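To start, the structure under review is shown below, and the notes come after it.
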Amino acid sequence: MNIDNKQSPSSAISYQQLLDQETVPVPAHLRETRSPDLGALRLDPRNYTSVEMHHQEVKHVWNRTWQLACREEDIPHVGDHLTYDVADLSLIVVRSAEHEIKAFYNSCLHRGRRLVSEPGCKSSFRCPYHAWTWNLDGSNKFIPCKKDFDYVDGDALRLPEASVDCWQGFVFVNPDKTAAPLLDHLEVLPEHFKDYDLGSCYKALHIQKTIACNWKAALEAFMESYHVIATHPQLLTFMGDANAQYDILSDNISRSITANALHSPHIEAPPEQQVLEDTLRESGRVFNDMDLHVPKGSTARKYLAQVHREVFSREYGQDYSVATDSELLDAILYWVFPNIEIWGGYLANIVYRSRPNGNDPDSCIFEIMVLQRVPAGQAKPPGVPIHYLTDTERFSDAAELGILGKVFDQDLDNLPEVQRGLKVAAMNGAEGLIPGQYQESRIVQLHRMIEKHIGK
């Protein structure tokens, strides 16, 4: 592949110009373009490496912010529960009643032992140390030798709770009981996702791996397409990396939109049939028993979007005739402060989540989830269990990722080296890291919001 270093991406067709070519009405949210001046751009590398910065984030972000804990289909039955852990915080997220989810601090009120270590289904939570037991609503059920504890009244024996709220099937928790409602935190997101109905989807894939980098470095690998030219060169024939649009939609929400089935402006235009075939092969899209060829006079993008319309309408029993090419093809990726990214549109919606691994700023827990629509006439299945990758396993070892495992491995190969380089950068006396004004504006916004929360 010949990469044309002389071609300026500024000459490439913009995402808005692609929308001008749509043959169906374009939703207003795709027409939004918001890229405000973020001021000084240099980033302090110590934000990724400092233990003190980590503790500031724990105090002002993780202990006070809405965070994605799980999907509703992860705990479909009364008594189903799991733990949400970040730094020293641990919450038991449980379906306490058919239409109620609660989040309890994962600590026995007697001597402090963690009540839950593994996901499962229980009718009550019994401490393995001294058998103190709580009902699913948080009320105390049993204390051995209860008379010895008569000095404590009933309310003091309830398990302390964090705030819980749900949106589009996602379960969010917030340790701060005085925080503003979840919908306030999500800002423009509910309006942008109102037609995508992720609440009716189910979690079809969930991969988790510990990576030797700061949680922000892992998240930022999916906040820009600028790295595609070096990290994922096999994608250039069908991904408009330098055509991507970046928007700072509000304080807590940013978005990137990267066109697919459209070649990168960094390379000479390949034949449209090659664009089609590379899109199918390298992105893992499978259309069984279909021999696809770009019609004469059409483009891979137009043709593949129409294939999606027809196949999705047939498989999912819904009308996709008014879905835009973009919503059927492109990476429409929203960031929600602090640590998740959710794909919009009608493809299998990918969700990324990154969080600190305990109190180590050089390590994070990184997760990839995929939400899938339920075929017509079928019941919504429960969410799949997490597939935990070991330290020696790569994403390509997770067979369910298919060809995408290779793409994630390319990112994985960068991240530990990024963390090592950040430590060098923290010592070199330079003014800080140099992010791009536009293509990396979402990364700058992430840091601006962290600074805002910790009062820098």
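Note that the structure is predicted; figures quoted are calculated from it, not measured.
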Once salt bridge (Lys or Arg N to Asp or Glu O under 4.0 Å) is applied, what residue pairs with a partner in [range] remain, sequence neighbours excluded?
range	value
residues 336-346	Glu341-Arg442
residues 414-424	Asp362-Lys423, Glu417-Arg420
residues 206-230	Glu57-Lys216

pair [X]-[Y]: side-chain heavy atoms closer than 4.5 Å:
X	Y	value
Phe238	Ser283	yes
Leu371	Tyr202	no
Pro356	Pro361	no
Leu276	Leu304	yes

Quiz item: ring pair (Phe, Tyr, Trp, His ring centres under 6.0 Å): which pairs involve residues 15-36, sequence neighbours left out?
Solution: His29-His192, His29-Tyr196

In this structure, are over 12 heavy atoms from other groups packed under 6.0 Å from [X] atom [atom1]?
X	atom1	result
Gln437	CD	no
Glu431	CD	no
Arg46	CZ	no
Asp391	CG	no

Using ring centroids (six-membered ring only for Trp), state whether [Y] and [X] fall under 6.0 Å.
X	Y	answer
Phe193	Trp167	yes
Phe172	His185	no
Phe408	His232	no
Trp62	Trp215	yes

Quiz item: What class does the angle between the rings of His453 and Phe337 fall in, given that below 30° is parallel, 30 to 60° is tilted and above 60° is perpendicular?
Solution: parallel

Please set out all donor-acceptor pairs under 3.5 angstrom arising from side-chain atoms of residues 377-386, sequence neighbours excluded.
| unit_1 | atom_1 | unit_2 | atom_2 | d |
| --- | --- | --- | --- | --- |
| Lys380 | NZ | Glu73 | OE1 | 3.4 |
| Lys380 | NZ | Gly199 | O | 2.8 |
| Lys380 | NZ | Cys201 | O | 3.0 |

Quiz item: Can you name the residues that form a ring-ring contact (aromatic ring centres under 6.0 Å, His included) with His263, not counting sequence neighbours?
Solution: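 Partners of His263 under the ring-ring contact (aromatic ring centres under 6.0 Å, His included) test: none.
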
Under a 3.5 Å distance rule, please check whether [X] uses its side chain to pair with a backbone N or O of [Y] as donor and acceptor.
X	Y	value
Tyr438	Tyr246	yes
Trp335	Pro338	yes
Asn106	Val116	yes
Asn63	Val58	yes
Gln273	Leu292	yes

Quiz prompt | Minimum-distance pair of heavy atoms, taken over all atoms of Ala244 and Thr258 | solution = CB-OG1, 3.6 Å

Exercise. Please report the closest heavy-atom contact between Thr65 and His60, naming both atoms and the distance.
Key: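 Looking at all heavy atoms of both residues, the closest pair is OG1-O, 4.2 Å.
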
For [X], which residues count as a side chain to side chain donor-acceptor pair (under 3.5 Å) partner, sequence neighbours excluded?
X	result
Ser363	Asn357
Arg353	Glu367
Ser313	none
Asp195	none

For [X] and [Y], does a side-chain donor sit closer than 3.5 Å to a side-chain acceptor?
X	Y	result
Asn414	Thr231	yes
Gln21	Gln17	no
Arg255	Tyr334	yes

Quiz item: Residues in salt bridge (charged side-chain N to carboxylate O under 4.0 Å, His left out) with Arg314, at least two apart?
Solution: none

Self-check item: For Lys59, all residues meeting salt bridge (charged side-chain N to carboxylate O under 4.0 Å, His left out), sequence neighbours excluded
Solution: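 Lys59: no salt bridge (charged side-chain N to carboxylate O under 4.0 Å, His left out) contacts found.
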
Quiz prompt | Arg71 to Phe170 six-membered ring, cation-pi geometry met (6.0 Å, 45°) | solution = yes

Quiz item: For the atom pair CD (Glu272) and OG1 (Thr279), what is the distance rounded to the nearest 0.5 Å?
Solution: 9.5 Å

